[in-house]
Amino acid sequence: MEPSEKNTLTKLLAQLNAAQRDAVEFCDGPSLVIAGAGSGKTRVLTYKIAYLLEQGLPPYYILALTFTNKAAKEMKSRVSDLVGEKKARQVWMGTFHSIFSRILRNEAESIGFDSNFTIFDASDSHNLVRLIIKDMKLDDKVYRPGSVHHCISMAKNSLITPAMYEQNAEIREYDRKIKQPLIFEIYRRYQERLRAANSMDFDDLLMFTNILFRDHPDILENYRNRFQYILVDEYQDTNFAQHLIVKQLAEVHHRVFVVGDDAQSIYSFRGANIDNILKFKSSYPEAQVFKLEQNYRSTQNIVNAANSLIKKNVGQISKNVFSKQEEGEKIEVISAFSDFEEGVIIANKIARMRVEDHVSYGNFAILYRTNAQSRIFEESLRKKNIPYRIYGGLSFYQRKEIKDIIGYFRLIINPQDEEAFRRIINYPARGIGDVTVNKISDAAQIHNTGMWEVLSDPLRYDLNVNSGTLKKLSDFRALIRHFIDQNEKLNAFELAQEVIKKTGIAGETYQDMTPEGMSRAENIQELLNAMNIFVAQRQEEGNDDIRLSDFLQEVSLLTDQDTDGNSDLERVTLMTVHSAKGLEFDHVFVAGLEEDLFPVAMAKNEMRGLEEERRLFYVAITRAKKTCTLTYAKSRFRNGRLSSTQKSRFLSDIDHTFLSSESDAIFVAHAEREDGFWGSLRRKREEDTVNRSQTPLYNFQNEKLSPVTQTSSGSLSKEADELCKGDIIEHERFGRGVVSEIESAGSDKRAFVDFDSVGRKQLLLKFAKFKIVK
DNA sequence: CACGCTCAGTTTTTT
DNA sequence: ACTGAGCGTG
């Protein structure tokens, strides 16, 4: 080993504690790291990758899997800091779903898919299930689409195909017991329809990866050889399908490094199997186990309180999480009269701490069990002019107007996509109603083909519609065909503009002067912006030909959780406890600690469910670094009704020595309540002002599409902002050029630059990597 | 076929 | 409270 390399290795290891170092240094076989909350889990993962790279393992031999894009992004940037961006970029780092969708697109033919397959999101899946239930003339009160889809999802996560499902006596017996004996049939049809639509749902991405590996040993062999080192974050959240993928890929080199905390397993509803981590040793008998027990995040009081809570669970890996930080303040429990008052109390407390303790807004988080609770905090914070940011809830890409446009995109890329077809065939209204759509659907099913095929050749499939309708259909077909042609020539952004214009969406939306209409128009504009930036950014990276399909692939696996949170130093964070996993804040409020809310009503009948809720509460408390405040309300609006509540049993699970004596809220806020007409009118107006102001509190921006947005707003853009016409610049990729024009559209300034080598290019100043020469 | 009205449900959490 | 599905009318 070269001396310099050795030096870097030593330096890397010197920044770790003994337990972390042991874990990083052990590279000869499978290893499991049990990482207590706040014990430096991400640190170990990133240093491990750096360590491997420094030892000379080529980056493209390393596979690092996470659950969220956010975690992947975080890891990427931290590895970048350690070993440089160039190497870090080559590591296969991403979520299970994104990595394996990439692999599936490469290998699509082997499993009978086209590589441009669509990825169905949860609501697409839900719709399809509902459609099938209707087709089968089943009662959707008995066969609730949501629960049926859940069953299907669980089956897929356990790698049970429709055929296996049908033959599995135990499952069938269970279905009979819950009076839904035909789920197997729905599952079968669902899977057929997905395939006919050249589409996969989220679960398919994992199931078909397994099918691919099962049926094509040569392909498996290829990836097995490539991935010499596999790292998995949040291993306690893996399901069987994920576990098996990892196991198979690790078969040759036997070098898996999984990190997790059984006490933070909170995704069983999604098929996560806590046994994967509890029984890691039986899957990999020669595995080494490392425990990280020192918590660097929180005060002793917080750690101890959390420990006392989690002790009430049975069946966990024993560990002794401890903190060497100061003892800190006790956890405060506050009761409020109502959910409304709970909001006011928290808002007041934040405002007070900001002034008295000089805490900036970004160091506060309000965590809750359900998204529905966010509304009340929005109100109370807004009233006190406290800036906040909500994560989760309806994501940008789930908004109707956005999904409609995405529907066009999907159909252009994959005309087999039935869900998209149905969504847009009559949007904007073009006189093709349900009757016609059903006829097309029936014809497609009879002839065992897709709806697009029927549309393409209505006569051949005996489509029984009148000539007027026929004309409308052929117009629609021509429209989509036109876009498909354009897709050959235009980039994603240009094509999107074309779609919005030619379909009449632009005309329709921009004319609508109602507040809702204007907000829709803004959202569409936002989408276009995002796409423009997406294209510009890729061009910066050296890809000139950015097609719609590239954008679509990115977007379908993106979620709200992926927005860049930590950049917002001046906003209070509002999110569900689930979303907060992996994050930390100085001051945390956990709200709604009431029976049937936290723990949620559904969970309390079963031991398993209750323990998961308790782990969830554990996750919530351990997000806090300095203070943690628990609140509950004695009454709460639920489903439009005011109901009285009981305080959560979890509060008494915490050892009282770590709690400050419970305080009833002193009278705070009854008078402030704005009920009735005037109240709601005023609220409405406030909303409007907020939405229209220059700095909206709730702002999607384009961050969700741009992994490097934040970094580029540093020193570069300050110079770039001052760029003028006539300046000469040196661009990282295009070389020398003269600025011929500056154009600013809102916050996005762009420059037209004539480059010596490549001619005129458009640069988005936000992203462009260049120096001003003169 | 589109639009507007009424009525019912609402299983948390998310890739 | 709110949304979305279903139904009747123009």
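Just so it is clear, the structure is predicted and the values come from calculations on it, not from any experiment. Residue numbering restarts at 1 for every chain, and letters A, B, ... go by the order of the sequence lines. Keep in mind that the numbers below use all heavy atoms, side chains included, and drop hydrogens, waters and symmetry copies.
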Aromatic ring pairing Y368(A)/F377(A), orientation class (parallel under 30°, perpendicular over 60°, tilted between):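 Because their plane-to-plane angle is under 30°, the rings of Y368(A) and F377(A) count as parallel.
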Aromatic ring pairing F208(A)/F113(A), orientation class (parallel under 30°, perpendicular over 60°, tilted between):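 Because their plane-to-plane angle is over 60°, the rings of F208(A) and F113(A) count as perpendicular.
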Quickly work out the [X] [atom1] to [N] [atom2] distance and round it to whole Å.
X: L206(A); N: dT14(B); atom1: CG; atom2: C1'; result: 13 Å
X: D237(A); N: dT14(B); atom1: CG; atom2: P; result: 12 Å
X: Y267(A); N: dT15(B); atom1: OH; atom2: P; result: 6 Å
X: E613(A); N: dT11(B); atom1: CD; atom2: P; result: 14 Å

The single option from R636(A), K647(A), R649(A) passing salt bridge (charged side-chain N to carboxylate O under 4.0 Å, His left out) against E595(A):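 Of all the options given, the one that passes is R649(A).
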S98(A) vs V435(A), nearer the 5' end of DNA chain B by closest nucleotide: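 Its nearest nucleotide lies further toward 5', so the answer is V435(A).
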M602(A) or A429(A), whichever maps to the more 5' nucleotide of DNA chain B: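 The residue closer to the strand's 5' end, by nearest nucleotide, is A429(A).
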Under 4.0 angstrom between N426(A) side-chain N/O and dC1(B) OP1 or OP2: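 For dC1(B), OP1/OP2 do not have a side-chain N/O of N426(A) under 4.0 Å.
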Salt bridge present between D261(A) and K41(A) (N-O < 4.0 angstrom):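 Answer for the salt bridge query: no.
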Footprint string (nucleotides 2-10 of chain C, 5' to 3'): B base within contact, S backbone only, - free, heavy atoms under 4.0 Å: S--SS----
Exercise: do Y632(A) and E342(A) side chains pair donor with acceptor under 3.5 Å: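 No, because no side-chain N or O of Y632(A) sits under 3.5 Å from a partner of the opposite role on E342(A).
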Test side chain to side chain donor-acceptor pair (under 3.5 Å) applied to D475(A) and R477(A), K471(A), K472(A), the passing residue: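 Single side chain to side chain donor-acceptor pair (under 3.5 Å) partner of D475(A) among R477(A), K471(A), K472(A): K471(A).
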C1' spacing across the pair dG6(C) / dT11(B), given as an integer number of angstrom: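 Result for the C1' pair: 23 Å, nearest Å.
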